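In what follows, a structure is listed as structure tokens, so that the remarks can point back to it.
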Amino acid sequence: MQLRYNYRAYPDAAQCRALARAIGCARVVWNDCLRDRREAYAAGLPYVTSAELSRLRITQAKRTEERAWLAEVSAVVLQQSLRDLDAAYKNFFDSLKGKRPGRKVAPPRYKSKKDARQSIRLNTNAFSLRENGTVYVAKVGHLKVKWSRRLPAAPTSVTVTRDSAGRYFLSFVVDTEPDILPALEAEAGIDLGLSAFAVLSDGRKIASPRFLRRAEKKLKRLQRELSRKAKGSKNRAKARTRVARQHARVADRRRDWHHKASTQIIRDNQAVYVEDLAVSGLGRTRLGKSVHDAGWSAFVGMLEYKAAKHGRTFAKVDRAFPSSQVCSACGVRDGPKPLHVREWMCGACGVVHERDHNAARNVLVEGRRIVAAGRVETSNACGAPVRRAHVPAQRREAGSTRKSRPTQAGIPGL
């Protein structure tokens, strides 16, 4: 299985300029190759192959006066930018043909130097790990890295990323073996919400930290200061960086909290079932800010890949399942209820339910049924275990949007 390990890098001034040069050259190659393919498509010409683009936009372009500066960076960076463009086109064509599950993928777009996130990708020919703890990048130098944890194996590629706050990160892709945890009897159904971030089927509640709401006061002040700066001035650039750093701090806190909560749930349960929510649709409602602040999609993605890593069972319950309408005691469907109704009594058996806890219990029952039907590891009617087929982790660097279907968890994103 492939995993991604991220580390903070601290390049000096000269290395920052070299990285900016490499990022800019990779962006130019991407845009030139994309422009050639778009123009060929508009003119009704055949699809321009990668070999032809490599010859025209990299090899021959270095010999011209207007593109001579492409030779100042590593050729691996330029070739990898072209490979990334090929991968983007493949994802787009597979999405059109129905070969790629999930939401439709848009065609590749032009890159801008004003994009919030800019990166370059290198294979083992253009970087190496040194004994003194630095990482050598071709035509950049030895980068100082903060090693928060050890790499489990030699990396196969690295992505150097610069975010909107001006921070640099090194992201290594490593081939590792699954770390199987001891088997447990406990299983959990999870109901995600806003008042409580998650309610488990055993009654436990995980409070919502609301990192964005807590940082709103400072963000508003920084945004006001940014709006008062003259456009194009250095003070405006400094104010924009302060706003970006504050947003990055909020995102880091949320991500760290998601990792800790998801790891604890995976360690405590042999099987985890969660409802597949329409986050993109809920994000366009009046609760959009709270929905994005909760970060449900990132949390569910962490549960999915950690379940595969540690040998746990994971399944998604379809969003159309009426988890809040069914009595978890007798199974009678009592009809839809408005959101302000937090407790209700079943008209058939008379049991009083707490809305979120009842939904979590229903998700657990439905998840068990889905797992049994999908032939994953569960007990059959005779009590014998039914073994699931081996599902390998996805060997890609970037995750893809997966269709809402119950499956044994793979690695959706690295």
Side-chain angles (χ1 to χ4, degrees), residues 1-34 50-51 53-55 57-59 61-62 67 69-91 108 111 113 115-163 166-176 394-399 411 413-414:
M1 117 179 2
Q2 284 189 326
L3 295 178
R4 183 179 290 277
Y5 288 77
N6 295 323
Y7 302 92
R8 180 79 180 271
Y10 296 90
D12 55 27
Q15 292 171 347
C16 287
R17 290 192 296 268
L19 287 173
R21 188 183 305 114
I23 291 173
C25 291
R27 180 178 64 250
V28 169
V29 170
W30 170 288
N31 291 340
D32 289 346
C33 297
L34 178 59
S50 300
L53 289 176
S54 177
R55 178 176 56 84
R57 295 304 179 182
I58 297 179
T59 305
K62 293 179 181 179
R67 290 287 190 267
W69 34 265
L70 290 177
E72 298 177 3
V73 303
S74 172
V76 176
V77 174
L78 308 181
Q79 293 290 344
Q80 193 60 56
S81 180
L82 179 56
R83 293 192 191 101
D84 292 341
L85 179 63
D86 292 338
Y89 264 108
K90 183 180 183 301
N91 293 335
K111 291 185 177 181
K113 62 181 180 181
D115 290 340
R117 180 184 180 275
Q118 302 187 16
S119 63
I120 55 174
R121 196 146 60 95
L122 308 168
N123 56 25
T124 53
N125 296 328
F127 80 96
S128 61
L129 306 181
R130 298 305 171 93
E131 296 180 356
N132 58 359
T134 61
V135 177
Y136 174 76
V137 178
K139 294 194 176 182
V140 174
H142 295 79
L143 298 179
K144 182 181 177 181
V145 182
K146 181 66 176 179
W147 297 102
S148 56
R149 51 182 174 173
R150 294 177 59 89
L151 285 171
T156 58
S157 67
V158 64
T159 302
V160 184
T161 305
R162 183 184 186 276
D163 64 4
R167 304 179 301 176
Y168 288 87
F169 294 91
L170 298 183
S171 180
F172 298 95
V173 176
V174 180
D175 291 319
T176 61
Q394 296 184 13
R395 303 182 66 85
R396 291 198 297 270
E397 286 206 4
I411 299 294
L414 301 172

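Just so it is clear, the model here is predicted, and its values are computed rather than measured.
A donor-acceptor pair under 3.5 Å is formed between the side chain of Y7 and the backbone N or O of R149. Remark: the backbone N or O of K111 is paired with a side-chain donor or acceptor of N31 at under 3.5 angstrom. No donor-acceptor distance shorter than 3.5 angstrom exists from the side chain of S119 to the backbone of T161, with no hydrogens or angles considered. Q2 places no side-chain N or O within donor-acceptor distance of the main-chain N or O of V173, the cut-off being under 3.5 Å. Checking side-chain atoms of D115 against main-chain N and O of Q118 turns up no donor-acceptor pair under 3.5 Å.
Side-chain contact between Q79 and I58 is present, with at least one heavy-atom pair separated by less than 4.5 Å. A 4.5 Å side-chain heavy-atom check between P155 and Y5 finds every atom pair outside the cut-off. Looking only at side-chain heavy atoms (C-beta outward), V29 and C33 come within less than 4.5 Å of each other. Residues L122 and Q80 form no side-chain contact, since every pair of their non-hydrogen atoms from C-beta on lies 4.5 Å or further apart. Residues R167 and R162 are not in side-chain contact: their nearest non-hydrogen atoms beyond the backbone lie 4.5 Å or more apart. Using a 4.5 Å heavy-atom threshold, the side chains of P11 and K144 count as separate. A heavy-atom distance below 4.5 Å is not found between the side chains of R57 and L70. In this structure, the side chains of T159 and L170 stay at 4.5 Å or more apart for every pair of heavy atoms.
One finds the CG atom of L3 at 9.0 Å from the CG atom of D175 (value rounded to the nearest 0.5 Å). Here R121 contributes atom CZ and F127 contributes atom CZ; the two are 11.5 Å apart, rounded to the nearest 0.5 Å. Interatomic distance, L82 CG to L34 CG, rounded to the nearest 0.5 Å: 11.0 Å.
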Assess whether side chain to side chain contact (heavy atoms under 4.5 Å, CB included) is satisfied between M1 and T176, documenting all intermediate values.
-> CA-CA 5 Å; M1 117 179 2; T176 61; 4.1 Å; yes
Test salt bridge (Lys or Arg N to Asp or Glu O under 4.0 Å) applied to R67 and D32, step by step = CA-CA 11 Å; R67 290 287 190 267; D32 289 346; 3.2 Å; yes
How far apart are the C-alpha atoms of T156 and V174, what are their side-chain angles, what is the distance that settles it, and do they pass the side chain to side chain contact (heavy atoms under 4.5 Å, CB included) test?
-> CA-CA 6 Å; T156 58; V174 180; over 6 Å; no
Take W30 and L78, measure what side chain to side chain contact (heavy atoms under 4.5 Å, CB included) needs, and give me the verdict at the end.
-> CA-CA 8 Å; W30 170 288; L78 308 181; over 6 Å; no
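Across every non-hydrogen atom of S81 and A26, the tightest pair is OG-O, 2.9 Å.
A parallel orientation is assigned to the rings of W147 and F172, their planes being inclined by less than 30° (bins at 30° and 60°).
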Output a table of donor-acceptor pairs, distance under 3.5 Å, between side-chain atoms of residues 133-143 and any protein atom two or more places apart or on a different chain; print 'none' if there are none.
from: T134; atom 1: OG1; to: N132; atom 2: OD1; distance (Å): 2.7
from: K139; atom 1: NZ; to: A71; atom 2: O; distance (Å): 3.0
from: H142; atom 1: NE2; to: R130; atom 2: NH1; distance (Å): 3.3

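Counting only N and O atoms by type, the side chains of D86 and S50 include a donor and acceptor under 3.5 Å apart. In summary, the side chains of S171 and R4 do present a donor paired with an acceptor at a separation below 3.5 Å, with no hydrogens or angles considered.
Applying the salt bridge (charged side-chain N to carboxylate O under 4.0 Å, His left out) test to pairs two or more places apart or on separate chains, those with a residue in residues 12-24 are R21-E72.
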